[in-house]
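Worksheet: the structure to be examined is printed underneath.
Naming: A, B, ... by sequence-line order, numbering from 1 per chain.
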2 protein chains.
Amino acid sequence: MDDLTEMLKGTLEGCVLEIISGEETYGYAITRRLHELGFTDVIEGTVYTILLRLERNGLVQVTKRPSGVGPPRKFYALNDAGRGELAAFWTKWQYVSSRIDKLRIDKLKEGGR
Amino acid sequence: MDDLTEMLKGTLEGCVLEIISGEETYGYAITRRLHELGFTDVIEGTVYTILLRLERNGLVQVTKRPSGVGPPRKFYALNDAGRGELAAFWTKWQYVSSRIDKLRIDKLKEGGR
DNA sequence: GCCCACTACTCGGTGATACCGTATAGTGGT
DNA sequence: ACCACTATACGGTATCACCGAGTAGTGGGC
C-alpha cells in the first residue's frame with residue numbers, strides 16, 4: 001500500500017492511545033504492533049513523537065523500567081484524561097468514517113452510471 | 001461535533017473528488033454539499049484551496065460559466081488522472097478504515113475487562 | 001441612490017501532524 | 001573489535017485543513 005501518511009494524520013495518535021489502553025507498553029513494542037496491524041510504513045520516530053506529545057499533554061502515566069535485552073524502556077499507561085481522549089477519538093472516528101462510508105455507498109448504489 | 005480538522009486531513013480532498021465525480025459542480029455548491037453530509041465546519045476557503053490544488057495537479061477539467069445570481073462559477077469535472085486518484089483514494093480509505101475498525105472491534109470483544 | 005445579504009472565488013499566513021535523518025546507548029553474538 | 005538488535009530523542013521538512021481579509025456580481029429594502 002502506497003503512502004498513507006496524510007490519511008493517518010489525526011488517527012494514528014488515536015491508534016496509539018488504543019494500543020496503550022489494552023496494556024501498559026512502550027514505544028518499540030507499539031511500533032511493532034502497528035506494523036502487525038497493517039501500518040507497515042509507520043516508523044519508530046513517528047511513534048516516539050506521538051508518545052512524547054501524549055506525555056506533554058498529560059494523557060499518560062510513564063514508568064521507566066530496565067529491559068535486560070537493551071536500554072531501559074519507558075512504559076506508558078493511560079490516565080483518566082487519556083481515557084477521555086481515547087473515548088473522544090472513537091466518537092470522532094465513528095462520526096467521520098460513517099459519513100465517508102455513506103458518501104461511497106451512495107455512489108455504489110447508482111450502479112456506475 | 002467538535003474539531004475534526006486533523007482527522008479530515010487526507011480524506012477531505014477525496015470527498016471533494018467523489019462529489020465532483022458525481023456531477024460537474026463548483027466550489028460554493030461543494031461546500032454546501034459537505035455541510036449536508038455532516039461536515040458542517042468545513043469552510044469555503046478550505047474547499048477552494050482543495051480545488052486549486054486539484055487543478056494545479058492536473059486532476060480536473062475546469063470550465064467557467066456565468067451564473068445569473070452572482071459572479072461566474074468555475075465548474076469542475078474529473079479527467080482520467082482525477083478518476084485514477086479517486087479510485088486510489090477509496091482503496092486507501094478501505095485499507096485504513098478497515099484496520100482501524102478492527103483495532104476497535106478487537107477491544108470491544110474483550111468485554112471491557 | 002445606498003446599504004446589505006447572498007453568491008462566488010482568491011491568496012498569504014498559521015498550526016497541527018506524520019515523516020526523515022541522525023545521534024545516543026545498552027545487550028549479546030562472532 | 002565489529003555488528004545486529006533493542007530502545008529512545010530531536011531538529012528539520014512537507015502536507016494539509018483552517019483563518020482572515022479581500023474582490024466581485026446580483027438583487028431586495030429603505
Would you mind classifying the nucleic acid contact of A:Glu44 as base, sugar-phosphate or nothing, using non-hydrogen atoms under 4.0 angstrom? base

Take A:Tyr26 and B:Gly68, find for each the nucleotide of DNA chain D with the closest heavy atom, and name the residue whose nucleotide sits nearer the 5' end. A:Tyr26

In Å and rounded to the nearest 0.5 Å, what is the CZ to CZ distance from A:Arg104 to B:Phe89? 9.0 Å

Rounded to whole angstrom units, what separation is found between the OH atom of A:Tyr76 and the P atom of D:dA7? 13 Å

Distance in angstrom units between A:Ile100 CD1 and D:dA17 P, rounded: 11 Å

Non-hydrogen side-chain atoms of A:Val60 and A:Asn79 separated by less than 4.5 Å: no

Looking at A:Gln61, I want to see if its CD is surrounded by more than 12 non-hydrogen atoms of other residues, nucleotides or ligands under 6.0 Å. no

Spatial distance of atom CD1 (A:Ile30) from atom OH (A:Tyr48) [nearest 0.5 Å]: 8.5 Å

Taking the side chain as everything from C-beta on, heavy atoms only, tell me whether A:Glu55 gets closer than 4.5 Å to A:Tyr76. yes

A:Ile30 CD1 to D:dT8 C1', in whole Å, measures 12 Å

Taking atom types as they are modelled, is there a donor-acceptor pair under 3.5 Å from the base of D:dT15 to the side chain of A:Lys9? yes

Is the shortest heavy-atom distance from the side chain of A:Leu78 to the side chain of A:Leu54 under 4.5 Å? no

For DNA chain D, the residues among residues 45-67 of chain B that have a non-hydrogen atom under 4.0 Å from it: B:Thr46, B:Thr49, B:Ile50, B:Arg53

Got B:Val42 and B:Thr31 here, is their nearest side-chain heavy-atom distance under 4.5 Å? no

When you match A:Glu6 and A:Arg73 each to their closest nucleotide on DNA chain D, which lands nearer the 5' end? A:Arg73

For A:Pro72 and for A:Ile43, find the nucleotide of DNA chain C with the closest heavy atom, then tell me which residue's nucleotide is more 5'. A:Ile43

How about B:Thr40 and B:Met1: do any of their side-chain heavy atoms sit closer than 4.5 Å? no

Interface limits on DNA chain C, where chain B has a heavy atom under 4.0 Å of a nucleotide atom: C:dT7 to C:dT17

Given A:Tyr26, which partner from the list A:Lys64, A:Arg73, A:Arg65 fulfils the side chain to side chain donor-acceptor pair (under 3.5 Å) test? A:Arg73

